Amino acid sequence: WGNMIHPTHEHACCSNDTRFISAGGSWTGAGTGTGNMSQIYYCSLASAGNLFYFGDLTTDYSDDPAVCSNTTRAIIAGGHNASTTLLNNIQYITIATLGNALNFGSLSRRRVCAAGCSSPTYGVISGGSNGGHEGQLPVLALIEYVKIATTGSAGNWGNLTVIRNDHASVSDHTYGIIAGGYNGGDVTGMDSMEYITFSTIGNAATFGDLGSHKYGCAGTSNCHGGVT
């Protein structure tokens, strides 16, 4: 397809119908707090090519901030900064307009390695670690949400069926699927999946199983299915 500006991992990625967005991340080792990046990059989905500079986050990020988006906005939440301080701030960009991220609100808990999914109305942040990188305890079962069109702090959605972080999440307009991840005890990761229904605030329910145990995974979806 093309190249990123820098070799990058643990960055937040999302898209709308026309643009792919990559925000933050690190040039160096996982959880070290060094080499963190505040840059946001983008490319057009209509044609293959390299990424271009979009703007900057409000702070430097690493360790998988959660991200979700609709056709208008991308929401970036949590993560940790260059001093490895866990963050609970939420910021956003307008995908159609190049520029720096702006403050959106706050999560109720500081967290890294959470996962985000979205409908046209809601952005939902699930799981993550409140203790540090990847599997460091405590791992959370908490689900929070924002209304993407309206800035403000996250509200409580419910709970996952199990604690998990470093997991994947995908969605269509009706369901959000949360899959895999690490629960602080299973060194091979988990193979379970669960789901939420965007029309009803409440706890997640069991969905099924992945074909293998995994954590540190990513997910993507269209209106027909999800891949992790």
Side-chain angles (χ1 to χ4, degrees), residues 9-16 21-26 31 33 36-40 54-70 72-82 84-95 100-134 136 138-160 163-171 176-178 181 196 198 201 204 218-220:
H9 67 107
E10 297 181 331
H11 50 132
C13 298
C14 64
S15 66
N16 65 4
I21 300 291
S22 169
S26 173
N36 291 37
M37 293 172 15
S38 62
Q39 295 92 340
I40 308 167
F54 186 98
D56 286 290
L57 296 168
T58 61
T59 185
D60 51 350
Y61 274 73
S62 182
D63 237 353
D64 291 329
V67 63
C68 48
S69 61
N70 61 13
T72 304
R73 283 179 170 176
I75 307 293
I76 302 103
H80 74 62
N81 62 17
T84 67
T85 299
L86 299 188
L87 303 171
N88 68 340
N89 60 319
I90 307 170
Q91 51 192 303
Y92 75 98
I93 58 170
T94 301
I95 298 174
N100 295 334
L102 300 172
N103 182 60
F104 188 94
S106 300
L107 298 168
S108 67
R109 299 283 298 275
R110 299 176 186 272
R111 61 171 85 182
V112 295
C113 299
C117 62
S118 52
S119 70
T121 303
Y122 295 114
V124 176
I125 310 298
S126 65
S129 171
N130 186 238
H133 179 69
E134 291 185 355
Q136 294 182 20
V139 176
L140 304 174
L142 177 66
I143 308 171
E144 299 184 75
Y145 76 99
V146 296
K147 288 188 175 180
I148 298 174
T150 307
T151 58
S153 294
N156 181 59
W157 184 279
N159 289 295
L160 299 170
I163 59 173
R164 67 175 81 218
N165 73 346
D166 224 10
H167 51 295
S169 191
V170 299
S171 57
I177 308 296
I178 299 99
I196 58 168
F198 288 119
I201 294 175
T220 186

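FYI, side chains are in, hydrogens and waters are out, and symmetry mates aren't considered; it's all heavy atoms of this structure. If you're wondering where the values come from, they're calculated on a predicted model, not measured in any experiment.
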Hey, could you give me the CD1/CD distance between I76 and Q91, rounded to the nearest 0.5 Å? 5.5 Å
S171 side chain vs S118 backbone, donor-acceptor pair below 3.5 Å: yes
Using atom types as modelled and distance alone, determine if a side-chain donor or acceptor of N130 lies under 3.5 Å from a backbone N or O of R110. yes
Under 4.5 Å between any side-chain heavy atoms of I90 and I75, yes or no? yes
Gap between atom OG1 of T121 and atom CG of N70 - 0.5 Å precision: 8.0 Å
Taking every non-hydrogen atom, the tightest pair across R109 and N88: O-CB, 3.7 Å
Where F104 and T150 come nearest, the two heavy atoms and their spacing: CZ-O, 3.0 Å
Option among I178, I177, V124 that satisfies the side-chain contact (heavy atoms from CB on, under 4.5 Å) test with S169: I178
Looking at residues at least two apart in the chain, or sitting in another chain, which of them share a ring pair (Phe, Tyr, Trp, His ring centres under 6.0 Å) with F198? none
Taking atom CG of L86 and atom CZ of R111, what is their separation to the nearest 0.5 Å? 11.5 Å
What is the minimum heavy-atom distance between L160 and L140, and which atoms define it? CD1-O, 4.3 Å
Nearest heavy-atom pair of N156 and I201: which atoms, and what distance? O-CG2, 4.0 Å
By side chain to side chain donor-acceptor pair (under 3.5 Å), which residues pair with S22, not counting sequence neighbours? H11
Student check: side-chain heavy atoms of I125 and C68 closer than 4.5 Å: yes
Interatomic distance, CD1@I196 vs CD1@I143, rounded to 0.5 Å, equals 6.0 Å
Gap separating the OG atom of S119 from the NZ atom of K147, nearest 0.5 angstrom: 10.5 Å
Might you work through the side chain to side chain contact (heavy atoms under 4.5 Å, CB included) test for T85 and H80, ending with a clear yes or no? CA-CA 5 Å; T85 299; H80 74 62; 5.8 Å; no
For C14 against S69, the heavy-atom pair lying closest together: CB-OG, 3.6 Å
Taking every heavy atom of L57 against every heavy atom of A101, the minimum-distance pair comes out as CA-CB, 4.0 Å
Is a donor on one side and an acceptor on the other found under 3.5 Å between the side chain of S106 and the backbone of N89? no
Can you measure from CG (N103) to OG1 (T151) and round to the nearest 0.5 angstrom? 8.0 Å
